[in-house]
Amino acid sequence: MKMRNLLPVLALGLFMIAGTATFAQETKMVGGAAMYPSKNIVENAVNSKDHTTLVAAVKAAALVETLQSEGPFTVLAPTNAAFEKLPDGTVASLLKPENKKALQGVLTYHVIAGKNSAADIIQDIKDGGGTAEWTTVNGQMLWGMLDGDMVKIKDQAGNIATVTIADVYQSNGVIHVIDTVLLPKM
């Protein structure tokens with residue numbers, strides 16, 4: 001085959017490779033905002049209208065710098081609606097400066113070291129015979145299970161969160177949006 005005849009084939013191959021790389025870097029919409037894989041967790045989260053309570057809590061707990069660091073982190077990100085399910089006054093109490101340590105404990109309970117995709121989480125659950133166990137950044141355990149094709153996360157208090165949006169990739173990890181705040185032992 002002459003070189004001239006190979007050029008369209010090579011160009012198509014390069015286009016397919018570039019297209020695959022672009023596909024892997026697609027943005028996801030969360031809380032009405034595009035989440036860019038080139039930005040870090042905090043840079044993306046501040047734009048989600050569904051995560052204003054979480055962002056306020058991260059700021060109050062002085063965890064912004066940590067979540068902007070290299071990581072990688074897997075963040076289970078509760079929505080505003082998840083925080084609203086907590087007993088009245090809980091969020092306001094946790095946001096007080098004197099409760100900073102407790103707030104840090106709650107927030108770091110939503111973080112697992114590493115970049116764990118939904119496929120990784122599901123594989124952990126399958127490898128565990130239907131449940132998986134992870135140690136969070138605060139040192140306490142979370143458990144994962146499947147309910148049909150939905151990933152569920154159980155906390156120390158017996159609360160169960162559902163992953164509602166998975167695989168929101170960040171430059172320093174991945175976010176999985178959840179519908180319930182996870183609570184560690186205090």
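Only this structure's heavy atoms are used, side chains among them; waters, hydrogens and symmetry mates stay out. Here, residue 1 is the first one in the sequence, and each next residue gets the next number. Bear in mind the structure is a predicted one, so any value in this text is a computation, not a measurement.
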Assess whether side-chain contact (heavy atoms from CB on, under 4.5 Å) is satisfied between D147 and T162, documenting all intermediate values. CA-CA 9 Å; D147 183 5; T162 300; over 6 Å; no
Non-neighbouring partners of H110 that pass side-chain hydrogen bond (donor to acceptor under 3.5 Å, both in side chains), sequence neighbours left out: none
Which residue is it: V106, N159, V91? I am looking for the one with a side-chain contact (heavy atoms from CB on, under 4.5 Å) to L86. V91
Who passes side-chain contact (heavy atoms from CB on, under 4.5 Å) against A34, sequence neighbours left out? T27, M29, Y36
Pair listing, side chain to side chain donor-acceptor pair (under 3.5 Å) test, anchored in residues 171-185, at least two apart: K85-T180
Run the side-chain hydrogen bond (donor to acceptor under 3.5 Å, both in side chains) test against D127 and tell me which residues pass, sequence neighbours left out. Q123
Please report the closest heavy-atom contact between L67 and V42, naming both atoms and the distance. CB-CG2, 3.6 Å
Does anything in residues 63-72 form a side chain to side chain donor-acceptor pair (under 3.5 Å)? List the pairs, not counting sequence neighbours. none
Can you name the nearest heavy-atom pair linking P184 to G105, along with the distance? CG-O, 3.8 Å
Partners of A102 by side-chain contact (heavy atoms from CB on, under 4.5 Å), sequence neighbours excluded? L94, M186
Is the closest side-chain donor-acceptor distance between N138 and T136 under 3.5 Å? yes
Can you name the residues that form a side-chain hydrogen bond (donor to acceptor under 3.5 Å, both in side chains) with N80, not counting sequence neighbours? T52, T53
Locate the shortest heavy-atom distance separating P72 from G173; write the atom from each residue and the value. CB-CA, 4.3 Å
Residues in side-chain contact (heavy atoms from CB on, under 4.5 Å) with M141, at least two apart? E133, T135, W143, Q156
Could you give the distance from OH (Y169) to CG (N44), rounded to the nearest 0.5 Å? 14.0 Å
D120: side-chain hydrogen bond (donor to acceptor under 3.5 Å, both in side chains) partners, not counting sequence neighbours: S117
Sorted by chain and number, sequence neighbours left out, side-chain contact (heavy atoms from CB on, under 4.5 Å) with A77 holds for H51, L54, V75, I175
Shared ILVMFWY cluster between V55 and I41, side chains joined below 4.5 angstrom? yes
According to side chain to side chain donor-acceptor pair (under 3.5 Å), does anything in residues 94-108 pair up with another residue at least two apart or in another chain? List the pairs. S93-N99
How far does CE of M35 sit from NZ of K28, to the nearest 0.5 angstrom? 12.0 Å
Could you work out the complete set of other residues in the hydrophobic cluster of I125, with links drawn between I, L, V, M, F, W and Y side chains under 4.5 Å apart? L76, Y109, I112, I121, I122, W134, L142, L146, V151, I153, V163, I178, L182
Interatomic distance, CG@L95 vs NZ@K59, rounded to 0.5 Å, equals 12.0 Å
Interatomic spacing from NZ in K152 to NZ in K154 - rounded to 0.5 Å: 13.0 Å
Please step through side-chain contact (heavy atoms from CB on, under 4.5 Å) for the pair T79 and V177, ending with a clear verdict. CA-CA 7 Å; T79 60; V177 177; 3.5 Å; yes
